[in-house]
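To find a chain, count down the sequence lines: A is the first, B the second, and so on, and within it residues start at 1. What's counted below: heavy atoms across the whole structure, side chains too, no hydrogens, waters or symmetry copies.
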There are 2 protein chains.
Amino acid sequence: MRLVIATCSVDYAGRLTAHLPLATRLIMVKADGSVLVHSDGGSYKPLNWMSPPCTLTVAEPDDAERADGVTAVWTVQNGKTDDRLVVRLHEVAHDSSHDLGVDPGLVKDGVEAHLQVLLADQVETFGAGWRLVRREYPTPIGPVDLLCRDDEGVAVAVEVKRRGEIDGVEQLTRYLELLNRDPLLAPVRGVFAAQEIKPQARTLAVDRGITCLTVDYDALRGVDDPSTRLF
Amino acid sequence: MRLVIATCSVDYAGRLTAHLPLATRLIMVKADGSVLVHSDGGSYKPLNWMSPPCTLTVAEPDDAERADGVTAVWTVQNGKTDDRLVVRLHEVAHDSSHDLGVDPGLVKDGVEAHLQVLLADQVETFGAGWRLVRREYPTPIGPVDLLCRDDEGVAVAVEVKRRGEIDGVEQLTRYLELLNRDPLLAPVRGVFAAQEIKPQARTLAVDRGITCLTVDYDALRGVDDPSTRLF
DNA sequence: ACCTTCATGTCGAAC
DNA sequence: GTTCGACGTGAAGGT
């Protein structure tokens with residue numbers, strides 16, 4: 001990894017065009033050739049970047065650029081698309097290279113998959129007498145998160161989300177439409193289960209006769225059997 | 001901005017929990033206190049990070065940590081949420097600080113807004129005799145990108161996207177449902193216009209009687225009047 | 001290779 | 001401050 005701190009201007013052309021005026025920034029060149037241009041604030045997202053596969057070419061500035069104070073022109077060209085990043089370096093305050101090796105990678109826990117496992121294991125969260133038909137119940141347009149039968153034996157399709165938004169309601173609606181064509185299942189009710197449900201999503205769901213349920217992840221985990229843990 | 005290259009392990013706890021085993025990485029500390037942990041590959045996204053507002057606290061390792069080779073423990077605590085990042089430093093290969101100043105920021109072009117302006121200006125792209133009623137036509141659930149009248153005077157709602165996907169068709173469908181309740185407008189047709197329309201989105205649109213139109217951004221720009229340019 | 005869904009999404013703008 | 005949709009979304013997993 002090469003780290004350069006320099007005053008520079010940056011131009012990107014690809015899916016859009018973007019320009020960064022002259023300022024001091026960090027330019028990070030990774031081992032795979034990818035380049036990240038960071039300012040000293042904001043978020044984890046670089047101001048500009050080029051994703052691998054790409055190649056970095058260093059060129060001398062032309063006369064006009066040199067007159068502007070440009071000391072080097074870096075062109076980063078994507079290997080697949082015609083995306084291109086051009087960094088015009090002026091003053092370089094720092095330049096160092098480091099051998100980092102390959103990273104062993106990240107271990108995660110707590111995402112939607114886990115919420116789905118917990119709910120599958122605790123179907124009574126939806127109501128007494130409910131039972132799980134199956135998790136990831138297949139349909140032609142994709143699997144429904146949970147298919148259940150309520151205490152009266154009525155089929156219920158459950159869509160699980162960490163955050164319930166309008167897209168999730170649309171998704172569940174499409175599933176319900178399909179499932180209700182199956183005479184062995186129909187009528188199929190819908191339940192939209194999430195840690196948090198946005199008002200607009202809730203309104204749309206209720207309007208379509210879908211039941212909304214906000215679930216407490218920590219509470220589910222609390223009564224969780226360790227053997228069902230993902231990790 | 002402070003740049004540290006060190007062997008380290010990292011733990012994050014917040015919306016999820018995540019762990020990074022011991023390896024050599026770049027730790028970037030920005031002026032606003034935010035921290036990014038990068039490996040020497042992958043994408044522009046850090047392996048782990050903490051967004052501002054947050055505060056970095058440096059502590060001595062306890063005996064067990066010291067026995068493991070830990071030389072310092074950095075705790076990055078988010079100021080609003082209970083998100084927390086803990087970086088345990090072992091060997092430090094590089095440590096430097098740099099004053100970058102405030103960044104003037106990015107100038108963009110070529111996004112959906114521009115496409116919408118261009119189409120509003122060249123409604124004849126949809127067909128001869130079409131006229132624009134208005135851009136950003138308001139409805140209770142948000143503005144329709146373009147409302148037009150075709151050559152026969154029939155109202156047409158146009159949804160503009162850079163990439164046409166299933167979400168956009170759903171969005172347009174909701175608009176059409178609402179607009180068709182207005183006796184002054186009904187019947188309202190729908191047009192789904194995008195630089196690129198995904199097959200599934202096209203199928204859904206056609207199934208709902210929505211016309212699909214792939215638009216050529218460069219061609220629209222070519223005949224574009226400079227006064228309508230966003231920049 | 002294509003398509004779908006998830007994300008510690010992030011980000012900006014309207015409300 | 002909250003809610004919403006766009007993003008150079010990126011990244012992972014399934015067909």
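Between the NE2 atom of B:His38 and the C1' atom of D:dG10 there is a distance of 13 Å, given to the nearest Å. Summarising the geometry, the separation between CG on B:Asp83 and P on C:dG9 is reported as 9 Å, rounded to the nearest angstrom. Between the CD atom of B:Glu136 and the P atom of C:dC15 there is a distance of 10 Å, rounded to whole Å. Rounded to an integer number of Å, the gap from B:Arg202 CZ to C:dC2 P is 16 Å. Rounded to an integer number of Å, the gap from B:Leu47 CG to C:dT8 C1' is 13 Å. Atom CG in A:Leu20 sits about 13 Å away from atom C1' in D:dG8, given to the nearest Å. Atom CG of B:Asp145 and atom P of D:dG5 are 12 Å apart (whole Å). For the pair A:His114 NE2 and D:dA12 C1', the interatomic distance rounds to 19 Å; values are reported in whole Å.
With respect to B:Arg135 and B:Asp145, no salt bridge is recorded, no charged nitrogen being found less than 4.0 Å from a carboxylate O. Look at A:Arg174 and B:Glu170 and you find a salt bridge, because one of the NZ, NE, NH1 or NH2 atoms lies within 4.0 Å of a carboxylate O, short of that distance. Comment: A:Asp167 does not engage A:Lys161 in a salt bridge, judged by the lack of any side-chain N to carboxylate O separation of less than 4.0 angstrom.
Between C:dG9 and B:Trp49, no contact under 4.0 Å exists linking OP1 or OP2 to a side-chain N or O. Between A:Gln171 and the phosphate of C:dT5, there is a side-chain N or O to OP1/OP2 separation shorter than 4.0 Å. The phosphate of C:dG9 (OP1 or OP2) has a side-chain N or O of A:Arg163 nearer than 4.0 angstrom. For C:dG9, the OP1/OP2 oxygens have a side-chain nitrogen or oxygen of B:Arg15 closer than 4.0 Å. Look at B:Lys45 and you won't find any side-chain N or O under 4.0 angstrom from OP1 or OP2 of C:dG9.
Nucleotides C:dA7 and D:dA6, compared at atom C1', are 15 Å apart to the nearest Å. For C:dT5 and D:dG8, the P atoms lie 22 Å apart once the distance is rounded to whole Å.
Looking at which nucleotide of DNA chain D each of B:Lys80 and A:Met50 is closest to, the 5′-most match is held by B:Lys80. Of the residues near DNA chain C, A:Val160 and A:Tyr44, the one whose nearest nucleotide (by heavy atom distance) lies more toward the 5' end is A:Val160. With DNA chain D read from its 5' end, the first of the two nearest nucleotides for A:Lys198 and A:Asn78 is the one closest to A:Lys198. Closest-nucleotide positions on DNA chain C for A:Gly42 and B:Leu16 were compared, and the one nearer the 5' end corresponds to B:Leu16.
Under 3.5 Å, the side chains of B:Ser9 and B:Arg88 contain no donor-acceptor pair of N or O atoms. Side chains of B:Lys30 and A:His38: a donor-acceptor N/O pair is present below 3.5 angstrom, by distance only. Between A:Arg25 and A:Ser39, the side chains place no donor N or O within less than 3.5 Å of an acceptor N or O (distance only, hydrogens not considered).
When distances are taken from the side chain of B:Arg174 to each of D:dG5, D:dG8, C:dA7, the shortest belongs to D:dG5. Side-chain atoms of A:Asn48 lie closest to D:dG8 of the nucleotides D:dG8, C:dT10, D:dA6. Residue A:Arg162 has its side chain nearest to C:dT8 when only D:dA6, C:dT8, D:dG8 are considered. Picking from C:dT8, D:dT3, C:dT10 the nucleotide with the shortest atom distance to the side chain of A:Pro199 gives D:dT3. Distances were taken from every side-chain heavy atom of A:Ile166 (C-beta onward) to each of D:dG5, D:dA6, D:dG8; the shortest belongs to D:dG5.
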